[in-house]
Amino acid sequence: MSANFRVALKKVVDHSYDIEIGETLFKLLIEDLKRGIVENVSKFAIVTDSKVEALYGQALLEQLSQNGFHAELFSFPAGEKSKTRETKAQLEDQLLSRSYGRDCCIIAIGGGAVTDLAGFLAGTFGRGVPSLNYATTLLGAADVSIGGKTGVNTPVATNLIGVFHQPKKVYIDLVT
Ligand SMILES: NC(=O)c1ccc[n+]([C@@H]2O[C@H](COP(=O)([O-])OP(=O)(O)OC[C@H]3O[C@@H](n4cnc5c(N)ncnc54)[C@H](O)[C@@H]3O)[C@@H](O)[C@H]2O)c1
């Protein structure tokens, strides 16, 4: 005796998103948030690296806070060597210890290492939370921040552990 039940899982999804190219786009990002580009979000985690934190991360945090958004900075040491499962786990623990849950949005601001790592984090935290990419390097702008490929390196493989997770919007700031 056996019984068979089929789980029907066909779905049509629209993951389309805009790419904004311009100068000094924090104001626009904040206008987008006020317009509801991400829904049901009560906390914003700005994920960045130690260099970009000082260059742009702090300024973004200040502007978000001044506009009434609950936002905090989560930073890791700059460089490819940080793009690991260990750094991702540390960021996850920091988010959890600050009571971040499914109602958060991750704003990745930095180069490719940041958007790869933060995108992977967004793809798995709470089984997937919305994310925005703010590219600050040429490679980040031209490639990494677009397309939804995210991931980390291990000692034996680069970019092989990750998920596809599309951002809600990409900002390419020509000033950075
Ligand atoms: N997901 C994809 O589709 C994809 C595609 C290509 C490359 N990648 C990944 O991208 C990563 C490389 O990206 P990257 O070259 O941007 O490296 P990166 O993010 O490590 O940035 C390089 C250095 O520049 C600094 N930096 C960032 N913005 C700056 C700014 N505005 N001014 C001064 N310094 C700044 C960073 O702190 C870092 O020290 C690699 O990990 C690679 O695997 C991913």
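We use all heavy atoms of the structure for the numbers below, so side chains are in, but hydrogens, waters and symmetry mates are not. In this chain, numbering begins with 1 at the start of the sequence shown. Counting convention: from 1, in listed order, for ligands and their atoms alike. Predicted model only: the values in this text are computed from it and were never measured.
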Identity of the nearest option to atom 25 (C) of ligand 1, non-hydrogen atoms only, from K51, E53, K83: K51
Name the option, out of D143, D49, T136, that contains the heavy atom nearest to atom 5 (C) of ligand 1. D143
Residue, atom name and distance, where the atom is the protein heavy atom closest to [atom]:
atom	value
atom 17 (O) of ligand 1	G112 N, 4.0 Å
atom 34 (N) of ligand 1	L55 CD1, 4.1 Å
atom 9 (C) of ligand 1	D116 OD2, 3.3 Å
atom 3 (O) of ligand 1	K149 CE, 3.4 Å
atom 15 (O) of ligand 1	L139 CD2, 3.7 Å
atom 22 (C) of ligand 1	T137 CG2, 4.6 Å
atom 20 (O) of ligand 1	A113 CB, 3.6 Å
atom 8 (N) of ligand 1	V144 CG2, 3.5 Å

With heavy-atom distances below 4.0 Å as the criterion, list the atoms of ligand 1 near [X].
X	answer
G111	16 (O), 19 (O)
E80	11 (C), 40 (C), 41 (O)
N159	43 (O)

Give a yes or no on whether a salt bridge exists between K43 and D103, defined as a side-chain N under 4.0 angstrom from a carboxylate O. no
C104 versus P130, closest heavy-atom pair with distance: O-CD, 3.5 Å
Give a yes or no on whether D93 atom CG has more than 12 heavy-atom contacts from other residues, nucleotides or ligands under 6.0 Å away.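 Atom CG in D93 is packed in, count exceeds 12.
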Tell me if the CZ atom of R35 is crowded by more than 12 foreign heavy atoms within 6.0 Å. yes
Test item: [X] side-chain N/O and [Y] main-chain N/O as donor-acceptor pair under 3.5 Å:
X	Y	result
D143	L139	no
T136	T176	no
H165	V129	yes

Please find out if less than 6.0 Å separates the ring center of Y56 from that of Y134. no
Same cluster (ILVMFWY, side-chain, under 4.5 Å), F69 and V47: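 No, it is not one cluster - the side chains of F69 and V47 are not joined through contacts under 4.5 Å.
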Nitrogen or oxygen atoms of A78 and ligand 1 under 3.5 Å apart: no
